[in-house]
Protein chains: 2
Amino acid sequence: MAVAEELHFRRAADRLGVAQPALSRAIQHLEQELQVRLFDRSNRAVRLTEAGAAFLRGSHGIMNVVDRAVEETRQVDRGQIGSLRIGYTDMAIGGVLPSLLKTFQARHRGIVLHPHHDVTSTQLHKLDQGELDIGCVTGPISRAGYDQVPIQSERLVCVVYENHPLARRGSIRLNELAQEDFIHGPTRDWEHFFSYLFPLCRRAGFVPHIVQEAYNSAGILGLVACGMGVTVLTESVRNILIRDLVILDLEDVTERLQTVALWKTESLSGSKSLFIDALRERSPDMDLP
Amino acid sequence: MAVAEELHFRRAADRLGVAQPALSRAIQHLEQELQVRLFDRSNRAVRLTEAGAAFLRGSHGIMNVVDRAVEETRQVDRGQIGSLRIGYTDMAIGGVLPSLLKTFQARHRGIVLHPHHDVTSTQLHKLDQGELDIGCVTGPISRAGYDQVPIQSERLVCVVYENHPLARRGSIRLNELAQEDFIHGPTRDWEHFFSYLFPLCRRAGFVPHIVQEAYNSAGILGLVACGMGVTVLTESVRNILIRDLVILDLEDVTERLQTVALWKTESLSGSKSLFIDALRERSPDMDLP
DNA sequence: TTTAATGATGCTCTCCAGGTATCAGATTAG
DNA sequence: CTAATCTGATACCTGGAGAGCATCATTAAA
C-alpha cells in the first residue's frame with residue numbers, strides 16, 4: 001500500500017521505516033505468491049498495473065476488516081458490545097428488573113439484552129446448560145460453581161376481590177385466611193415460591209385450601225378478580241393496577257421473598273461482569289442471610 | 001481458527017501440520033498482541049471466551065476478504081474482470097463497433113465497457129492523458145508509443161435530398177458535385193475526415209463550396225434532408241435510414257476511409273489485450289497501407 | 001496411587017527478513 | 001558526450017522469530 005501510494009520505493013521504504021531493498025524484495029515475494037505483476041517499474045518510474053490497483057483496493061478492504069475484527073474483539077472483551085441472555089420470574093419482572101434493564105441498556109448501548117421468562121427451576125436448568133447467562137430467580141440459592149447477588153426483597157401481601165369481607169381491612173393477619181379458598185400458580189413450577197409460603201401457613205396454623213391453579217401471576221389475579229378466591233403474592237403486585245382487586249398487608253409475616261441474580265462463577269465475560277457490577281451498584285447494602 | 005474449531009491444541013496442531021508447542025505459543029502471542037484472552041484453557045478443556053468467539057467470526061471475515069482480494073486481483077490480471085474506456089467516432093459507431101462491443105461484452109461479462117463519443121483529435125489527446133484505454137479513430141495514425149489495428153475500411157458516398165437532380169442516378173462521379181452546395185461537420189473537429197476528402201475534391205478539379213456546418217453526422221443529414229445542400233460521408237450512413245435522403249456511390253473514388261483502434265503500446269493490461277485480441281480476430285486480413 | 005491426557009515451558013537450531021554495500025540502467029547537467 | 005545523479009535490483013551477511021524436541025505441571029480417570 002505504501003508503494004502504491006508513493007509510487008516510489010525509497011520514499012515508501014522511508015515511510016515504513018525499512019530499507020529500500022527489503023521493500024523491493026517484499027513486493028517481489030508478494031507478486032510471486034499471487035503470480036500477478038502488481039507494479040510496472042522501470043528504473044525511472046513506478047506505476048500500478050490494473051491488477052495492482054485491484055489489489056490495492058482489496059488491501060484497503062483487508063485492513064478495514066482486520067482493524068474492525070480487532071476492535072470488535074477488544075470491545076467484546078471489555079464488555080462494550082456483546083449479548084446477555086437474562087432469565088426472570090414473575091416477581092423479578094414485576095419489581096426492580098425492568099428499570100434495572102432499562103438503565104443498564106441506556107448505559108451500555110452495545111450490549112443486546114435477551115430476556116427469557118422462566119420459573120426458577122427452569123432457569124437453573126438453563127444456566128447449567130449454558131442457555132442463560134444470568135438468571136433472576138427466587139432465592140437465595142446455594143449452588144456449587146454459582147455466584148449470586150440479591151436484587152430485591154419483598155414482603156408478602158394478600159390479594160382479595162373488592163367485595164370480599166376482608167377487603168376494607170387494609171391489613172390482616174395470615175391466620176385469618178385459614179378458611180379462605182386459595183388461587184395459586186402451578187404447583188410443579190412454583191415450587192420455590194411455595195417452599196416459602198407453605199411453612200408460613202403451617203406456622204399460622206393452617207394448610208391453604210387451593211381451589212384453582214392458574215398458569216401465571218396474571219392468571220391468578222384474573223381468577224381472584226372473578227371472586228373465585230384469594231391469593232398471597234409478593235408486594236410487587238402493587239405495580240400492577242387491576243380493577244376489582246384489593247391488596248392487604250400481612251401484619252405478622254416479616255419474612256421477605258428474596259429475588260437474586262445468579263450466574264456461573266467461571267467464564268465471567270466482559271458484558272456479564274458489567275451487568276453484575278451494575279447489579280451490585282444498585283443494591284450495595286442488601287445482604288443475604 | 002483451527003484451535004477454535006477443534007477446541008484441542010494437539011488436534012489443531014496436527015491439522016495445521018505444526019507441533020503443539022508452536023501452536024500454544026502462537027496463540028499466546030496473538031492474545032498478547034490483542035491484549036485479549038481468546039481461550040479459557042484448563043489442563044482438561046479448551047473453550048472460547050466471548051471475545052474469542054468474536055475474533056473467530058472476525059477471522060472468518062478476514063479470510064473471506066483476503067481470498068476475495070486475491071481472487072479478484074488474479075481475475076483482473078487475466079482480464080476476466082476490469083473496465084475499458086473506449087472512444088469512438090461517428091464512423092466507428094455507425095459501422096462495425098456496435099456489434100463488436102456487443103460480442104465482446106457477451107464473451108467477457110466481467111469487463112465493463114465505457115464508450116466515449118469523441119472526434120479523432122480529442123481521442124488522441126485523451127489517450128495521451130490516460131483518460132481513454134482504446135480509441136477508435138479515423139486513421140491510419142502513426143504515433144510513437146502507440147499500436148493500432150484496423151477495424152473498418154469504408155468507401156465514400158454522396159448523400160442528396162430526394163428531389164435533387166442527381167437523386168435518381170444511383171452512382172455519380174465526384175466532379176459532378178463541383179457546383180453543389182456542401183453541408184459538412186465542424187471544420188475544426190473533423191480535420192481528420194477533411195484531410196481525406198479535400199485532396200480528393202482537388203484531384204477532381206474543384207474546391208467544395210461549404211454553405212453550412214452542422215455539429216455531427218445526424219445534424220448534417222438533417223440539413224441535407226431539408227434540401228440545403230449535399231454531403232459526402234462514409235458508406236456507414238447506409239445503416240441509418242432517414243426519409244427523403246438518397247445515397248449515391250462515387251464511381252471514381254476508390255480510396256477508403258480507415259477506422260483504426262489505437263492504444264498505448266505500454267501498459268497492456270489483461271482486459272485491454274483481450275479486447276485487442278478480439279479486434280485482431282475480427283479483422284485478420286485487413287492490412288494498413 | 002497410578003496412569004493417561006493435555007497444555008505450558010525450556011532449550012536448541014534453522015532459516016527468513018532485514019541491513020549494508022553495490023550494481024545496472026536511465027535521465028539530466030554542463 | 002561525459003559525468004553526475006537517481007532509482008530499483010542484487011549479493012552477501014547477520015540476528016531473531018519461530019519451529020521442533022524433550023519435559024514439566026496439572027487434572028481427571030482407572
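Lettering follows sequence order; numbering is per chain, from 1. As the structure is a prediction and not an experimental result, all values here were calculated from the model. Computed over heavy atoms, backbone and side chain alike; hydrogens, waters and symmetry mates excluded.
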Q) Between D:dA9 atom C1' and A:Q20 atom CD, what is the distance in whole Å? A) 7 Å
Q.
Output the rounded distance in Å from CG (B:D14) to P (C:dT6).
A. 11 Å
Q | Closest nucleotide among C:dA8, D:dG8, C:dG19 to the A:A22 side chain | A | C:dG19
**Q.** Member of B:I141, B:V119, B:V137 meeting the side chain to side chain contact (heavy atoms under 4.5 Å, CB included) criterion with B:H192
**A.** B:I141
**Q.** Selection from D:dG20, D:dT7, C:dG7 that lies nearest to any side-chain heavy atom of A:H8
**A.** D:dT7
Q | Touch class at under 4.0 angstrom, heavy-atom based, for A:Q28 against every strand present | A | sugar-phosphate
Q: Would you mind reading off the distance between A:E6 atom CD and D:dT7 atom P, rounded to a whole angstrom?
A: 12 Å
(Q) Output the rounded distance in Å from CG (A:D40) to P (D:dG8). (A) 13 Å
Q | Euclidean distance, atom CG of residue B:L23 to atom C1' of C:dT9 [Å, nearest integer] | A | 15 Å
(Q) Among B:H125, B:Q123, B:K126, exactly one meets side-chain hydrogen bond (donor to acceptor under 3.5 Å, both in side chains) together with B:D118. Which residue is that? (A) B:K126
Q.
A side-chain contact here means heavy atoms from C-beta on lying under 4.5 Å apart; do A:D128 and A:Y146 qualify?
A. yes
Q. What is the nucleic acid contact for B:A19, judged by heavy atoms within less than 4.0 Å: base, sugar-phosphate only, or nothing?
A. sugar-phosphate
Q: For residues A:H116 and A:Y88, establish whether the separation of their ring centroids is below 6.0 Å.
A: no
Q. Please give, in whole Å, the distance from D:dG8 C1' to A:L7 CG?
A. 14 Å
Q) Starting at the 5' end of DNA chain D, which residue's closest nucleotide do you reach first, B:H29 or A:S24? A) A:S24
Q. Separation of B:Q32 atom CD from D:dA17 atom C1', in whole Å?
A. 14 Å
Q: Measure the distance from CZ on A:F39 to C1' on D:dA9 and round it to the nearest whole Å.
A: 15 Å
Q. Given that A:S42 and A:R10 both sit by DNA chain C, which one's nearest nucleotide is further toward the 5' end?
A. A:R10
Q) If you measure only the distance, is there a donor-acceptor pair under 3.5 Å linking the side chains of A:S24 and A:Q28? A) no
**Q.** 5′-ward residue of the pair A:P21/B:F9 relative to DNA chain C
**A.** B:F9
Q. On a plain distance test, is the side chain of B:R25 in donor-acceptor contact with the base of D:dG20 below 3.5 Å?
A. yes
Q | Phosphate-side-chain proximity, B:R41 and C:dT6, N/O vs OP1/OP2 below 4.0 Å | A | no
